[in-house]
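Working notes for the structure below.
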Amino acid sequence: MSSGVETSLTVLRILGMTKTADKIIVALDVRSSNEALALVDQLRDQISFFKIGLQLYTAEGPEIVRAVLATGAKVWLDLKLYDIPNTVARAVESASHLGVHMLTIHLSGGGEMIRAAAGARANQLVILGVTVLTSATEQTLREIGIADKVADQVLRLARLGTQAGIDGLVASPHEIKTLRSEFGDKIKIAVQGIRPSWAEPGDQKRFMTPRHAIEAGADYIGIGRPITAHQNPRRAVQRILEELSARS
Ligand code: C5P
């Protein structure tokens with residue numbers, strides 16, 4: 001192979017990896033801004049999207065969101081809002097003004113709440129709906145008076161959410177195929193419960209590798225501890241990118 005062709009292939013491979021890297025969202029599930037910003041600092045040239053959830057947001061508030069955004073990264077604010085429609089709408093406005101890229105709400109809040117949330121978004125905020133928490137089982141649904149199977153409840157809430165105007169769904173990787181065949185490319189799908197083949201499953205029971213999740217049709221894969229608890233988080237990201245870019 002000529003060196004020109006080799007260089008072009010290397011450039012294409014790097015571009016491919018960059019595009020793939022845009023699909024990875026690192027969950028900053030840590031206790032403090034210092035820990036979160038140390039991770040962002042280490043990973044920022046590899047990763048451009050971070051998730052801030054209830055633990056970090058409750059500890060550090062909007063300042064940590066602003067600090068991560070100030071690095072030029074995107075933020076998924078995973079607060080899983082569930083309240084009366086007016087309160088959710090006002091929180092969506094606040095998130096829009098903060099400048100986050102994605103925000104989650106619980107679809108079990110019902111159509112009126114979802115429409116209020118969708119109507120209040122601004123600054124191109126993407127609203128993702130949570131159907132049934134991945135920790136929930138049929139027993140959990142029974143406890144709150146729902147007799148359906150988890151898969152049926154997921155589909156019911158996903159239909160309600162998309163009809164009420166949300167942009168996408170948070171799903172278990174095992175739900176991607178069903179959701180894609182029902183909604184096509186009209187919605188964004190973000191999945192969590194991801195474990196690279198070399199990582200410890202930990203408390204995850206129904207996990208999937210990054211590669212299988214992307215192949216199944218996920219737009220975004222949220223990954224936490226396999227990266228953040230790794231002794232070398234940069235190396236962990238690199239291994240995931242290599243796994244994603246390897247030919248089948
Ligand atoms: O397990 P891991 O550290 O990769 O989790 C990353 C994020 O994904 C966490 O914020 C967690 O709340 C979320 N998660 C989820 N459903 C799962 C597993 C993890 O929503 N089944």
Side-chain angles (χ1 to χ4, degrees), residues 25 27-31 33 36 49-70 73-136 140-148 150-172 175 179 182-183 186-192 219-220 222:
I25 301 179
L28 297 173
D29 294 329
V30 291
R31 280 167 298 192
S33 291
F49 214 149
F50 294 91
K51 187 182 90 154
I52 294 176
L54 288 169
Q55 180 188 10
L56 184 59
Y57 192 80
T58 306
E60 302 284 5
E63 275 316 308
I64 181 60
V65 177
R66 292 191 186 99
V68 177
L69 288 171
K74 292 180 182 174
V75 170
W76 169 4
L77 191 55
D78 188 19
L79 298 185
K80 299 189 178 71
L81 303 177
Y82 183 121
D83 209 316
I84 60 169
N86 181 63
T87 301
V88 170
R90 300 291 81 78
V92 168
E93 277 173 8
S94 298
S96 297
H97 294 147
L98 255 180
V100 300
H101 185 76
M102 293 203 305
L103 176 73
T104 39
I105 65 169
H106 267 291
L107 298 178
S108 43
E112 192 187 342
M113 188 202 90
I114 302 166
R115 280 188 294 280
R121 79 198 133 165
N123 296 337
Q124 299 176 333
L125 175 69
V126 169
I127 298 187
L128 298 182
V130 176
T131 56
V132 177
L133 291 171
T134 47
S135 54
T140 319
L141 295 187
R142 292 295 100 76
E143 283 168 3
I144 56 168
I146 296 164
D148 285 323
V150 170
D152 294 338
Q153 181 68 357
V154 166
L155 211 47
R156 171 187 292 121
L157 290 174
R159 285 183 185 134
L160 178 68
T162 51
Q163 282 158 13
I166 54 154
D167 308 289
L169 299 164
V170 184
S172 146
E175 293 159 359
L179 296 172
E182 169 95 13
F183 302 107
K186 280 184 302 201
I187 56 158
K188 297 279 178 215
I189 299 180
V191 296
Q192 307 188 93
D219 292 295
Y220 298 109

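All of these numbers come straight from a predicted model, not from anything done at the bench.
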Who are the salt bridge (charged side-chain N to carboxylate O under 4.0 Å, His left out) partners of Glu143, not counting sequence neighbours?
none

Can you check whether Gly99's main-chain N or O pairs, donor with acceptor, with Asn123's side chain at less than 3.5 Å?
no

Side chain to side chain donor-acceptor pair (under 3.5 Å) against Lys80, all qualifying residues, sequence neighbours excluded
Asp78

Please report the interatomic distance CD1(Ile64) to CG(Leu69), rounded to the nearest 0.5 Å.
9.5 Å

To the nearest 0.5 Å, atom CG of Leu107 lies from atom CD1 of Ile166 at 4.5 Å

Set of residues satisfying salt bridge (charged side-chain N to carboxylate O under 4.0 Å, His left out) with respect to Asp148, sequence neighbours excluded:
Arg156

Residue set satisfying side chain to side chain contact (heavy atoms under 4.5 Å, CB included) with Gln163, at least two apart, ordered chain then number -> Arg159

Glu175 meets the side chain to side chain donor-acceptor pair (under 3.5 Å) criterion, sequence neighbours left out, with none

Separation between CD1 (Ile25) and CH2 (Trp76), nearest 0.5 Å, reads 5.5 Å

Can you check whether Ala147's main-chain N or O pairs, donor with acceptor, with Arg142's side chain at less than 3.5 Å?
yes

List the residues meeting salt bridge (charged side-chain N to carboxylate O under 4.0 Å, His left out) with Lys188, not counting sequence neighbours, and say none if there are none.
none

Please check if atom CZ in Arg31 has more than 12 non-hydrogen atoms from other residues, nucleotides or ligands closer than 6.0 Å.
no

